[in-house]
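Here's the structure we're looking at; comments come further down.
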Amino acid sequence: MEKAKESAAASAVSTGLRGVIAASSSIGDVNGEKGELIYQGLNIHDLATKSTFEEVVFLLWHGRLPKRAELDELREHIAASYEIPQWVRGPIEYFPKDAQPMDTLRTAVSALSFFDKESRDLSREASLRVATRLTARFPTIVAAIDRARNGKAPIKPRPDLSIASNFLYMLKGEMPDEFDAHVMDVALILQADHELNASTFTARVVAGTLADMYSCVVAALGALSGPLHGGANTAVMKMLLEIGSVENVESYLKDALAKKKKIMGFGHAVYRTEDPRATHLRRFSKEMGERKGDTKWYEMTAKIEEILKREKGLLPNVDAYSASTYYMMGIPLDLYTPIFAISRISGWTAHILEQYADNKLIRPRAEYVGPRNVPYVPIDER
Ligand SMILES: CC(C)(COP(=O)(O)OP(=O)(O)OC[C@H]1O[C@@H](n2cnc3c(N)ncnc32)[C@H](O)[C@@H]1OP(=O)(O)O)[C@@H](O)C(=O)NCCC(=O)NCCS
């Protein structure tokens, strides 16, 4: 009888909250069976081929695509907020040069809250302004972090540039070519939202306590930094560098799979068919390689894809081909996850707005599996 009760309780636990519906949301939906991703009803393939990141930001926050005047207004507000306060920019230069950029970004974003007088105003109007400032400033911070650790002064943002172009411009100190800017723009679109992924859920949990938006975003950055979430894209590139050549792929994978190692960039908690984001990044990885005259990293990823599909039925996720795409753009490996954050800040803030608008504290229960009725033994008798 006791056994039966125990197993009934155990079956009620969903490890990793798989399959648990923890919020109602109109922001994004992932259909794992069909391999479909939508933002506010619009298919990611349409957005990736027809839209811009700024339009997608508006879409996520307002539930519909902007009219031209609305887009112009959003662009203006974003551009007006590109610059970060001196009291945040200054300390970035003194952060340890070998610090992980995700850690520096998290610290800088936390410091930004001191300079935002509206941070504790959770009304939709004020929260939208805070979200705009955060979205505008992430690229400026990430570029400043990379330049500071290389002993270079930050580049002043250019208000006439889009978020994607401006980021590449501030990172490298020169105007990006059109294709690179386009690829970055679409990469930002593709990673903007993904329903209740770990970092977005984290942001909503914090928002559920009615904490300010900066606290929600700092917590989300922590969740995104892990290798099973946003850290996977960097791990993919490290793996490709370790493998070194297309010829080595087969033996590397054989060995890794025998050791039950997880191959980064492959597999997904929800998709059971192709991750629709991978479809676009695969073509970018190929074209970027062709344009820059080195398709080796694309070919290696394609070979890994072929083998993992055959051997394990595993398919590429968003990180598989973004790694080689960014690598060929000359972006340092440890900036791949901060770039994910530059994109996902739009989705996080959309979810925080949604949570504030109809809030209930998020407080699940745990199945207690520890002992009970343990007698208290005084310290000298233990
Ligand atoms: C994303 C991820 C955490 C999803 O995990 P999940 O929902 O728990 O999926 P499961 O682990 O249940 O997958 C089922 C099986 O495939 C295996 N598997 C899943 N992803 C794998 C991978 N990348 N490499 C090797 N095996 C993998 C699992 O070990 C499991 O095997 P088992 O049944 O023998 O234990 C997992 O696929 C992973 O770790 N991928 C690599 C990290 C990554 O790319 N993250 C970015 C996600 S966008």
Side-chain angles (χ1 to χ4, degrees), residues 13-22 28-33 35-37 39 44 48 102 187-202 220-243 249-282 285 297 300-327 333-334 336-344 347-348:
V13 175
S14 171
T15 309
L17 297 184
R18 291 295 191 281
V20 172
I21 311 286
D29 189 38
V30 179
N31 185 323
E33 299 305 319
E36 189 179 82
L37 170 61
Y39 297 166
I44 194 67
M102 278 302 281
L188 296 183
I189 291 175
L190 294 172
Q191 300 173 80
D193 187 61
H194 214 232
E195 198 220 70
L196 276 199
N197 57 89
S199 57
T200 302
F201 184 58
T202 304
L221 279 165
L224 186 71
S225 69
L228 293 190
H229 188 9
N233 46 19
T234 300
V236 171
M237 199 59 228
K238 283 188 181 155
M239 174 181 71
L240 294 178
L241 289 165
E242 191 188 332
I243 298 174
V249 167
E250 188 106 41
S251 60
Y252 177 92
L253 285 186
K254 205 171 164 204
D255 186 53
L257 292 178
K259 290 183 180 144
K260 299 246 170 261
K261 267 201 209 164
K262 284 260 166 88
I263 311 300
M264 294 293 133
F266 291 82
H268 200 272
V270 182
Y271 291 118
R272 292 295 156 247
T273 177
E274 169 136 322
D275 179 336
R277 302 166 301 174
T279 314
H280 297 277
L281 288 159
R282 188 193 284 110
S285 167
W297 310 105
M300 285 168 70
T301 317
K303 184 88 185 160
I304 298 173
E305 176 177 354
E306 179 201 314
I307 296 171
L308 284 183
K309 190 173 176 192
R310 189 183 72 214
E311 299 292 323
K312 301 273 294 178
L314 282 170
L315 297 169
N317 59 46
V318 66
D319 298 310
Y321 287 97
S322 59
S324 46
T325 307
Y326 295 154
Y327 191 70
L333 266 66
D334 56 4
Y336 300 179
T337 313
I339 291 172
F340 197 149
I342 288 172
S343 164
R344 189 56 61 85
W348 289 336

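All ligand and atom numbering here is 1-based and tracks the order in the structure.
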Region of L228 engaging ligand 1 - heavy atom pairs below 4.0 Å: both
At a non-hydrogen distance cut-off of under 4.0 Å, which region of L314 contacts ligand 1 (side chain, backbone, both, or neither)? side chain
I'd like to check the salt bridge (charged side-chain N to carboxylate O under 4.0 Å, His left out) partners of K259; sequence neighbours left out, ordered by chain and number. D255
Quick one: which ligand 1 atoms are inside 4.0 Å of a heavy atom on A232? 43 (C), 44 (O), 45 (N), 46 (C)
Numbered in order shown, the ligand 1 atoms found under 4.0 Å of a heavy atom of G267 are 1 (C), 37 (O)
Could an N or O of ligand 1 be found under 3.5 Å from any N or O of G265, whether backbone or side chain? yes
Is there at least one pair of N or O atoms, one from K312 and one from ligand 1, spaced under 3.5 Å apart? no
Is atom 8 (O) of ligand 1 less than 4.0 angstrom from some protein heavy atom? yes
So if I count the atoms of ligand 1 from 1 in the order they appear, which ones are less than 4.0 Å from some heavy atom of I263? 22 (C), 23 (N), 24 (N), 25 (C), 41 (C)
So is K261 in contact with ligand 1, going by heavy-atom distances below 4.0 Å? yes
Under 4.0 Å and counting heavy atoms only, is there anything from the protein next to atom 12 (O) of ligand 1? no
Sub-3.5 Å N/O-N/O distance, F266 and ligand 1: yes
Contacting atoms of ligand 1, where contact means under 4.0 angstrom from a heavy atom of D319: 46 (C), 48 (S)
Counterpart residues, salt bridge (charged side-chain N to carboxylate O under 4.0 Å, His left out), relative to E311 (two or more places apart): none
Atom 43 (C) of ligand 1 touched by protein (heavy atom, under 4.0 Å): yes
